[in-house]
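This structure is a prediction, so every number in the text was calculated from the model and none was measured.
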Amino acid sequence: MRDYQRKGKYILPKAVYHQVLWKIRDYYRLEEEAKRLLELCGVQYTDMPRGSTPSYDKIGNIVQKREEIHKTIHKIDDCLLYIPSEYRKGIWDNIHYQKAFPLDADRSTYGRYKSLYIYMLAKRFNLIN
């Protein structure tokens, strides 16, 4: 897998660049995790909580974790909206499936928009200033 960062305006530290790539690639797993957590919230309790164990608020912890997952998903989705619609699928497929960019525009155009997308996400995740 060739995850190199192109030269240009949107340069990130190598570690930050790779963190953002893997956050994007984790998108579908996060969606599935959010669905799974939603199913767990439907569990019915038949007893009153006992003692002072920290597990008394299981539903609250699940809801909080699900909310954190949704924040990540929304950041990924929101930053994608800054990219013109005709380039989104090509960039998304390139990041997720390592597919070549479509031939409907120059490769450098897709590369610039991909760099912008990753840079904007790094800012949204507070990985850079």
In terms of ring plane angle, is the pair Tyr87 and Tyr110 parallel, tilted or perpendicular, where the classes change at 30° and 60°?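 Answer is perpendicular, since the angle exceeds 60°.
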Parallel, tilted or perpendicular: rings of Tyr27 and His96 (30°, 60°):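 The arrangement is perpendicular - the two ring planes meet at more than 60°.
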Are Trp92 and Leu103 joined in one hydrophobic group, where the rule is that I, L, V, M, F, W and Y side chains link up if heavy atoms are under 4.5 Å apart?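 In one cluster with Trp92: Leu103, no.
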Would a hydrophobic clustering, with Ile, Leu, Val, Met, Phe, Trp and Tyr connected at side-chain separations under 4.5 Å, put Ile11 with Met120?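 In one cluster with Ile11: Met120, no.
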Taking all atoms of both residues into account, what is the closest heavy-atom pair of [X] and [Y], and its distance?
{"X": "Gly90", "Y": "Pro102", "result": "CA-CD, 3.7 Å"}
{"X": "Leu80", "Y": "Arg88", "result": "O-NE, 3.2 Å"}
{"X": "Asp78", "Y": "Arg124", "result": "CB-NH1, 3.6 Å"}

Heavy-atom side-chain contact between [X] and [Y] under 4.5 Å:
{"X": "Arg36", "Y": "Glu33", "result": "yes"}
{"X": "Tyr119", "Y": "Val20", "result": "no"}
{"X": "Arg112", "Y": "Thr109", "result": "yes"}
{"X": "Tyr10", "Y": "Ile118", "result": "no"}
{"X": "Lys75", "Y": "Lys123", "result": "no"}

Just checking Leu81: does its CG atom have more than 12 heavy atoms from other residues, nucleotides or ligands closer to it than 6.0 angstrom?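 Yes.
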Would you call Glu32-Arg29 a salt bridge at under 4.0 Å N-O?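 Here Glu32 does not pair with Arg29 in a salt bridge, since their nearest N and O are not under 4.0 Å apart.
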To the nearest 0.5 Å, tell me how far [X] [atom1] sits from [Y] [atom2].
{"X": "Leu12", "Y": "Gln19", "atom1": "CG", "atom2": "CD", "result": "10.5 Å"}
{"X": "Ser108", "Y": "Phe101", "atom1": "OG", "atom2": "CZ", "result": "10.0 Å"}
{"X": "Lys114", "Y": "Arg107", "atom1": "NZ", "atom2": "CZ", "result": "9.5 Å"}
{"X": "Leu30", "Y": "Thr72", "atom1": "CG", "atom2": "OG1", "result": "6.0 Å"}
{"X": "Ile73", "Y": "Arg66", "atom1": "CD1", "atom2": "CZ", "result": "8.5 Å"}
{"X": "Ile76", "Y": "Leu121", "atom1": "CD1", "atom2": "CG", "result": "6.5 Å"}

Using a 3.5 Å distance criterion without hydrogens, assess whether the side chain of Asn94 forms a donor-acceptor pair with backbone atoms of Lys99.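 Yes.
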